[in-house]
Amino acid sequence: MIRPYVTLLLTLLAVASAKAQHAIIIEHLTEVTVSSDTRAVTHHRETVTILDEQGADKALFLCRCSKQERLTSFRGEAVDDQGHRLRKFRQSDLQRTEYSNYLAIDDYQQYLDYTPPSYPITITYEWSMELHNTLIEYPPFCPQDDYEVSLRHAVYRLTVPADITVGHALQNISAEALTIADKDGSRSISLELSNLPALHNEPYARPLRERLPQAYFAPRLFTYYDTKGSLASWNDYGRWEYSLLQGRDILPETLCTKLHQLTDTLPTARRKVETLYHYLGQHTRYVAILLGIGGQQPAPATDVVRSGFGDCKGLSNLMRAMLREVGISSRYTVISTRNRRLLPHFASAGQTNHVILQVPLPADTLWLECTNPQLPFGYIHEDIAGHDAIAIDEAGGHLVTLPVYADTLNRQLSRISITVKPEGNADINIRQVSENRQYEALAPMLRMEPKEQQRTLSQLVRAPQANISRINVRQTDATARLTLEADISSQGYATRAGQRLFLPLCPIHQGYNISSTGHKRTEPLCIDMGYQDEDRIDIALPEGYSLEARPKNISIEKPFGSFLFQTKVAEGRLKVRYRVLLRAGNYPATDYADFEAFIKAISRAYAQRAVCVSGQLTK
C-alpha cells in the first residue's frame with residue numbers, strides 16, 4: 001500500500017536533490033506526561049528520509065535506559081521511495097549493551113543497528129518510556145541534531161500537574177512555547193517547528209551544538225533520588241549541590257597528619273596548593289563512576305583515599321577536603337566540557353558534565369583539574385578554558401567564567417638550522433618551544449616511546465626521505481611549556497635542475513589550508529583559539545653556491561590576524577623569519593573570504609623556495 005506521505009516525500013526529494021542534504025526529518029514528536037515530581041511517561045515518534053549513505057546513521061535507534069528509565073514499547077518500519085514496506089521492526093529486534101567508558105554505571109542501552117539496503121529510504125521509529133525518581137529535568141527538544149539534515153515538522157508537548165511549575169529556555173528558536181490550562185488543572189506546554197533548512201558544516205564556524213535549535217525544560221522544584229532542590233536560579237541549584245557535599249569531606253587522621261607534614265613549613269598558600277595537587281595525582285587515579293545519585297554526588301573522601309580512585313566529583317571533593325585541612329578554602333565547581341556558555345537565567349543539571357576546583361588566593365585564582373595529574377599545576381586545558389561554570393559554596397551557586405590564555409601566550413617558537421649540501425641533501429636541526437594550548441597539542445609526545453615520537457615528528461616535518469637521528473622531548477619546567485629538539489637528515493631536500501638548487505625555506509608548518517564553503521557563508525567567522533607561531537631559520541648554502549633568487553618579503557595585517565615573512569643574506573647564509581598571529585574571536589561572515597585569502601597567502605609563503613646557483617653570493 002502507498003503510504004499517505006509518499007507525495008510529500010517525492011516533493012521533498014526533488015528539493016533536496018539540488019542541495020547537499022543527507023536526510024530529511026519528516027516528523028519528530030516528543031510527548032512528556034508528568035504525573036508527579038517523581039514520575040513521568042514519554043512518547044516519541046520520528047520519521048526520517050535518508051537520502052544517501054552519508055545519512056545512514058539516522059537509521060540507528062538508540063535508547064538509554066536504567067532502573068529508573070525503562071523502555072516500555074517500541075515499533076518501527078522501513079519504507080522505500082515508492083511507499084512499499086521493506087521491513088517492520090518490533091521490540092524483540094532490539095539489542096542491549098551495557099558497554100560504557102564508566103567503571104561503574106547502572107545505565108544500559110537498547111539499540112537497533114539497521115543498515116538500509118538502498119536509498120532513499122524512509123524509517124519510522126515509535127517508542128515510549130517510563131521515568132521515575134530522576135526528574136531533575138525533563139527530556140529536551142532537539143529535533144535537528146546534525147549537519148546537512150533538514151526538518152519538515154517537529155512537535156514537543158509537556159503536560160504537568162497544577163502543582164508543578166516548569167521553567168524553559170529556547171536556543172536558536174524563534175517560535176514561542178505555548179501554555180494551555182486543561183480542565184483538570186494540569187497544564188500543557190507545547191512547541192512546534194516547521195520547515196527548517198539544513199545546517200551546513202562551514203569551516204571556522206561555531207560548534208554545531210551552539211547552532212542547533214534546542215529547548216530545555218525543568219521543574220522549578222524537583223525530587224531527585226529522594227533529595228529535594230530548586231532550579232529557580234543557579235544560586236538555588238548550587239545550594240542543592242552543596243547539600244550533597246555535606247559529611248563527605250572527612251579525612252582519615254593519618255592523612256591529616258601527612259598533609260601537615262607536607263605543607264606546614266611551606267612559605268605561601270600557593271606552594272601548599274601545588275604540593276597537595278601533586279600529592280593527589282601521585283596517590284589517586286581517575287575512574288568514571290555513575291551509579292544512582294552518584295551521577296551528581298561525590299563519593300566520600302574517606303572512600304576515595306581508601307580505594308585510591310575516584311571520578312571528577314570524588315577527586316575534586318577530596319582535594320577540597322585536603323585544602324581545608326591546611327587552612328585553604330576552595331569551591332567545588334561544576335562545568336561543561338561541551339558547552340562554552342551556560343544559560344544565565346535557566347538553571348539545569350544537564351548543562352554541565354564535569355567538576356573542577358576553584359581555589360581563590362589573594363594574588364590569583366587557581367583552577368584545578370583533579371582528574372589528570374599529567375597536566376601542569378594550575379593549567380586551564382582546552383576543554384574548560386573560557387567556559388562558564390558554577391562555583392559552589394555554602395551561599396549557593398555563582399556563575400563564573402574561566403579565563404583563557406592570551407593569543408600571544410599560545411605560542412610556538414622554532415629555531416631551525418639547515419645545512420644544504422651540493423647534491424641537495426640537508427642536515428636539519430630543530431629546537432622548538434611550545435607553550436599553553438600549543439603545549440597541550442604536543443604533550444602526548446612526552447609519554448610516547450622513542451619510535452612513536454619519531455613517527456609523530458615525521459608527520460610534523462616535511463622533508464623528503466627524512467631520517468631522525470636524535471629526538472628529545474621534555475617538559476621544560478612545571479609550567480605548560482614543552483621543548484622539542486631533533487636532528488634530521490634529508491635526502492633530496494633541495495631539488496637540482498642543472499647548476500641550480502631549488503631550496504625549500506621551511507620544513508615545518510606546511511599544513512596551513514582552508515576549505516571554501518561552496519555556498520554563501522551564513523555563519524560568523526569563529527576563531528576558537530588564538531596563537532602565535534614564530535620560525536627563525538638559518539640556512540647554510542652549499543659550498544660554491546650563491547643565492548640567485550629569493551621570495552619577496554610579506555607583511556599582512558588583518559583584524560583576525562597578522563603575518564610576517566622576511567629573508568636576508570648574511571655571510572653565506574640565508575636568514576628566514578616567519579611569524580603568524582591568529583586572533584581568537586568572532587568576526588562577520590563577510591570577513592570569511594578575506595580570511596580564506598589570508599590563510600592561503602600563509603600557505604603559499606611556507607611553500608616558497610629560494611634558488612641558488614654556483615657562483616658569487618648575491619648581496
Side-chain angles (χ1 to χ4, degrees), residues 1-33 41-64 71-95 109-129 139-158 173 175 190-199 208 212-215:
M1 185 181 80
I2 301 296
R3 298 291 188 267
Y5 52 75
V6 168
T7 301
L8 169 64
L9 171 59
L10 294 175
T11 301
L12 292 173
L13 289 176
V15 174
S17 64
K19 300 180 179 180
Q21 290 191 54
H22 305 313
I24 305 168
I25 299 172
I26 308 297
E27 179 190 30
H28 182 103
L29 171 68
T30 300
E31 294 179 320
V32 183
T33 303
V41 173
T42 67
H43 179 72
H44 310 265
R45 184 170 64 249
E46 181 164 306
T47 298
V48 57
T49 296
I50 304 172
L51 302 177
D52 54 35
E53 190 173 359
Q54 290 176 281
D57 60 341
K58 294 300 175 187
L60 172 68
F61 173 80
L62 184 64
C63 180
R64 177 179 167 181
L71 182 69
T72 57
S73 67
F74 170 82
R75 64 179 180 178
E77 66 174 6
V79 176
D80 67 15
D81 59 341
Q82 296 302 311
H84 302 124
R85 178 187 289 162
L86 301 177
R87 183 169 170 182
K88 188 174 182 178
F89 304 113
R90 300 177 176 84
Q91 194 162 351
S92 58
D93 294 322
L94 298 178
Q95 295 180 280
Q109 293 178 332
Q110 290 190 262
Y111 68 95
L112 177 67
D113 192 6
Y114 175 67
T115 301
S118 61
Y119 303 96
I121 190 171
T122 298
I123 295 177
T124 298
Y125 292 132
E126 189 168 2
W127 70 101
S128 297
M129 298 189 70
F141 182 47
C142 186
Q144 194 177 18
D145 61 357
D146 204 354
Y147 292 115
E148 313 307 343
V149 176
S150 61
L151 173 70
R152 177 66 179 173
H153 190 232
V155 174
Y156 183 95
R157 187 174 298 110
L158 170 66
I173 293 177
S190 62
L191 183 62
E192 188 171 354
L193 301 177
S194 298
N195 300 323
L196 299 183
L199 296 173
L208 175 62
L212 293 172
Q214 299 181 77

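What you see is a predicted model; the values in this text were computed from it and never measured.
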Determine whether the side chains of H22 and E53 contain a donor N or O and an acceptor N or O closer than 3.5 Å.
no
Check step by step if side-chain contact (heavy atoms from CB on, under 4.5 Å) holds for V79 and I121.
CA-CA 6 Å; V79 176; I121 190 171; over 6 Å; no
Heavy-atom closest contact (L193 atom, P213 atom, distance)
CD1-CB, 4.3 Å
Non-hydrogen side-chain atoms of V155 and S190 separated by less than 4.5 Å
no
Would you give the length of the straight line joining atom CD of E77 to atom CZ of R87, rounded to the nearest 0.5 angstrom?
12.5 Å
If you define the side chain from C-beta out and look only at heavy atoms, does anything of I50 sit under 4.5 Å from P120?
no
Is the shortest side-chain heavy-atom distance between R45 and T124 below 4.5 Å?
yes
Looking at CG of L151 and CD of E27, how far apart are the two atoms once the value is rounded to the nearest 0.5 Å?
10.5 Å
Is the F74-F61 ring centre distance short of 6.0 angstrom?
yes
Spell out, as yes or no, whether a donor-acceptor pair under 3.5 Å connects the side chain of Q144 to the backbone of P197.
yes
All side chain to side chain contact (heavy atoms under 4.5 Å, CB included) counterparts of S128, not counting sequence neighbours:
H43, T72, S73
Under a 4.5 Å cut-off applied to non-hydrogen side-chain atoms, are Y147 and L208 in contact?
yes
About how many Å separate CG of D146 and NZ of K58, when rounded to the nearest 0.5 Å?
4.5 Å
Any heavy-atom pair between the side chains of D93 and Y114 that's under 4.5 Å?
no
Close side-chain approach of I25 and S150, heavy atoms under 4.5 Å
no
What distance do L112 atom CG and C63 atom SG have between them, rounded to the nearest 0.5 Å?
12.0 Å
Atom pair NE2 (H153) and CG (L29), whose distance is rounded to the nearest 0.5 Å
9.5 Å
Minimum heavy-atom distance between Q21 and I24, given as atom pair plus value:
OE1-CG1, 3.8 Å
Taking the side chain as everything from C-beta on, heavy atoms only, tell me whether S118 gets closer than 4.5 Å to D80.
no
Side chains of H28 and E46 only: does a donor on one sit below 3.5 Å from an acceptor on the other?
yes
So do the side chains of T122 and V48 get within less than 4.5 Å of each other, counting heavy atoms only?
no
Can you check whether L62's main-chain N or O pairs, donor with acceptor, with Y125's side chain at less than 3.5 Å?
no
Between F89 and A78, what is the shortest heavy-atom contact and its length?
CE1-N, 3.9 Å
Would you check, one step at a time, whether the test side-chain contact (heavy atoms from CB on, under 4.5 Å) holds for L191 with F141?
CA-CA 9 Å; L191 183 62; F141 182 47; 3.6 Å; yes
Would you give the length of the straight line joining atom OG1 of T42 to atom CG of L71, rounded to the nearest 0.5 angstrom?
9.0 Å
Among N195, T49, T47, which residue satisfies the side-chain hydrogen bond (donor to acceptor under 3.5 Å, both in side chains) criterion with R152?
N195
